[in-house]
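Working notes, structure below.
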Amino acid sequence: MLSQFRFFWVQLKYMPQLPMLFLVLCVGFTWVNVLYLVQVGVETTINDQSSKLLGGQLRVRTDNPLPQHQVDFLQDTGIQYSQAQMFRSMIVYQDTFSLALVKAIDGQFPLAHSWHVVEQLHPGELILNSNDVWLTTDSALALGAKLGDKIEIGYHTFNVAAIVLADLEQMGNWFELSPRVYINLGSVDKTQVIQPGSLSFWHWYFVGESEALESLKQRLKQDQASTDMIETNQESEFRKHVVLDRVFSYLHWFGMMNIGLLAIMLVLLTQRYVMNTSYLVGVSAAFGVPSKLVFKYLLAIYLSIVLTSIGVSLLLSLFSYGLLSNVILHVSGYSLSQVSTSQLVIMGFLSLIIVMGLTWPMLLQLAQTKAKDLLTQADSVECLVSPLVIVSALVSMGVLFSLQLRSPSTGLLGLFSWSLVLLSLMLLWHGFVKLLNAIGHALPLPLQFAVSHIRYYQSSYRVYLVAIVSSLSFVLICTILTQSLQGFLIDHHDDESPNYFAINVSDDDKDRLQVYLDDNRWAYSQIYPAIRGRLVSVNGEPIESRYGAKRIQNDYLLRRPLNLTVSESLPVSNEIIAGQWLTGQEAFNSVSVSKSYAKRFGLQLGDEVSLRIGDREIAAVITSFRDIDWYSFQPNFFMIFHPSILNNYPATWLTSFYAPPEDKAKLINMVKQFPNMTLIQIGAIVEQLSHLITYVGLMSSVIVYLSFMFALCLVISVVKLQQKQRDKDRQLITKLGGPKYLWRYSLQLECVLLVMYVVIVVLMLSYVLSHLLLLMLKLPVAQDGTIYLIFSGCASLLLLSVFHFSLLTRR
Amino acid sequence: MGVLIELRQASKSITVSDSVQLDIIKSCSLSVSSGESVAIVGPSGSGKTTLLNLMAGFDQPTSGEVNLFGQPMSQMNELEKIQLRGSRLSFVFQDFHLLPALTALENITYLLTMHHKDHIHETAHYWLEQVGLSKRSGHLPSQLSGGECQRVAIARAFALGAELILADEPTGNLDKSTKDKVVDLFFECQSKRSTAVIIVTHDLSLADRCGRQLTL
């Protein structure tokens, strides 16, 4: 058995596509597995963390403290409770400040589990006194503060009494933009950060008997004040939709592009393996060795490569996941959940099924072909591209996309997009060959030879050039998208753009802030009032019946209060696209709504919207829709009312301004002068985004360039296989008295024609796809022609060298 | 002397279009016994290779019968034909059909191994020595000349111990001096083993070396 296997193993040195196959499988599966592991890992971790929630078994997020009638009920039913108020504020230590999320807790918190204390000032039980603050590790790092230091929050100075790990909220704390600090609930008023109209929210936590908790839940559902209700140990849909789904959706679409490319490479490489081994099967069958016996060994070799690569990719995936988990551990103090053995088995099994689905029909076809046909077979891919092969590959790709995207409909969409791209490429090649046929006879002799070669080898060229064109197009598309995103950020955030948002400015401080900004000559936008209000009905129909409970639960814009404002003039980054701005008599009862908000909730001009602000309700008629440039770094609002409507409602104020980097000292002074104002540094966020785009662009390029390299290697190997026939043709032409240069010229012209075709199709495909993607991502579609020009030049040179090397060098 | 292969009124035709049938071989009868050498000659397109394919079981006759080693081939399934090829029937092809990844020796030992023969290496070395290539046993086909490749192919055919060898234009790709050497060697091996050979050729000098000639 082993000695028989050895003969087949020896064949491998004549199959350069096998190492490539190994690489493609490793890269492809690692990519798929890492995405899968991270997605499942994040969700599992979030659920694991829910069970360790310090609050207890049930958490409610709301705008208000626990009302007395609920407290009475809790006492009657024996349910333990705790509450915390959360708000953003600046924290200041000496000459350093940072934006922080302040969690003010009562004496009952935590109801379950215990704090992870890094260090504490006084040994013994951890008690949060009214003048104490506990810093989380990241807030201590941001300020450079230690135990015993004094830090300011708003108008009050606190002592750092402990450094702790941030307590886990439902769905983890990974997407918190600002570090967290803890103070006593009784000390909130001392800070004076919470002004009428300030953004703050409450968490109520409960622990008790399940029946009592069930009855509490029913009561809370009837209570309009309560909003998000999250049970621990229960998967929450909320955060997944808002943050994780967005992150994963970008990763998935990007992954689908790469996986599609790698799947094509896998099919083509397997095809070449089958082509190469078919001769071996033919010779063996001619000498009485059954094809099925040979096939068994060849399949064993193929499977050993597939299984090894799946094993290697699983190891690489585990390593990458571990690395990511460590990074998260370093940043947040909590790591991702461990990968289970069953997960690994499922991943390996699915990988195997996908590979077999993509390649099995081709391998089967090899087993069924007759010896005579295998012996006389020309280098044609046609015999292996049967409808069964194509259908099986498409179905497998569909399954792969569906598993990858975890949604069959999106998987089908991905499959449809890929099929469309491949079909277009096939049709373009068909058109190209037709064109050459039509004009071929009228061309000079060397060009006629070149055209006839392309026509003769068109079937193999067609398949392998599709791989080159698609991979090269994605290289260009990645470059265009990365540049467009970065260009977009730079365009919107130039040197004069606002780099700070000042929010939560109290009514008393508003005029003083304006003077401060003027004195420092910092350019600033209009200072807007911000009033917190929740949409309650449209045309008298409550949102509960209009949108349904599930939609409200899943949509934070329905569930939570919005920032409303008033303005007599249209903000600079806004444009009226329907109706009229708030002018005339009707304006007193009017509201202008953003286009995206209206579209999201199906609002029409003339609709009457009612909002609850505090315990009062207001109603206004929609008289205009606005298109908002959300990237202008100006304060923007979904709803702008006429000043007459909201004049008497509690408001804080907000603006954006530009402070040059050299004015850092003045900023510190500003934070100290306006202790209850919150400052958000936009410049730093933009810089982080820019870095992120560069990293993602780089990561995507690496995989796309790998696919391109595989495609190039395939084309080289295919062209090399044509060499025997070409040598015969060359000798014939020379014997018939043809000049030597004729052959050389014809080959060079063949190179030029192929390169021209590839480059033109790549430019067309990239232009169309990148336009579509830019439109989808709502980015400006104006593209710089220079990138196409440079790309065409580089790609032409590279491809000419490759084709020249393949066609004009001898084996 | 037993009859190894027998053709009875074997015909082969192909359908060119709906109404046109092209007869390639018409009612051919032939019987070859062990130790015999038969040449099938004829101009190009006369059906020589088709006849050889019928005898090897690569193709089916349209009418008539082919009996191989006393068994009618029409009653054999594909696996039985393959098994017969390995044990009692062998080939020498015009373009050698050596496996490019295997050395001269391995091209022989490969088939012996797959057929579970005894004394594999001794047999392979013996036949390589018989064809004068014992010093080139470790060379790949790409490192051998055309004549040397054909000699390896001949050694492979005889090493399998077949009773009947079918050779399709075995000297078609060789120059004159190489051709003569290969032909001498071929018949030398044939006489040593008393193997029956059927050679398809349009080379009359090769045909003259055979005991019988069948002209198509």
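Proteins get letters first, then strands, A, B, ... in listed order; numbering begins at 1 in each.
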Report task. Report yes if some heavy atom in the side chain of B/Tyr110 is under 4.5 Å from a heavy atom in the side chain of A/Leu280; otherwise report no. Result -> yes
Query raised in the report: With a 4.5 angstrom heavy-atom cut-off, which part of B/Leu98 approaches chain A: side chain, backbone, both or neither?
Result: backbone
Query raised in the report: Looking at A/Ala286 and B/Phe91, what are the two nearest heavy atoms and their distance?
Result: O-CE1, 3.0 Å
Report summary line: Separation between NE2 (B/His115) and OG (A/Ser284), nearest 0.5 Å, reads 8.5 Å
Query raised in the report: Would the number of heavy atoms belonging to other residues, nucleotides or ligands and lying under 6.0 Å from NZ of B/Lys117 be above 12?
Result: yes
Query raised in the report: Rounded to the nearest 0.5 Å, how far apart are CZ of A/Phe287 and CG of B/Leu89?
Result: 9.5 Å
Report task. Locate the shortest heavy-atom distance separating A/Val283 from B/His97; write the atom from each residue and the value. Result -> CG1-O, 3.6 Å
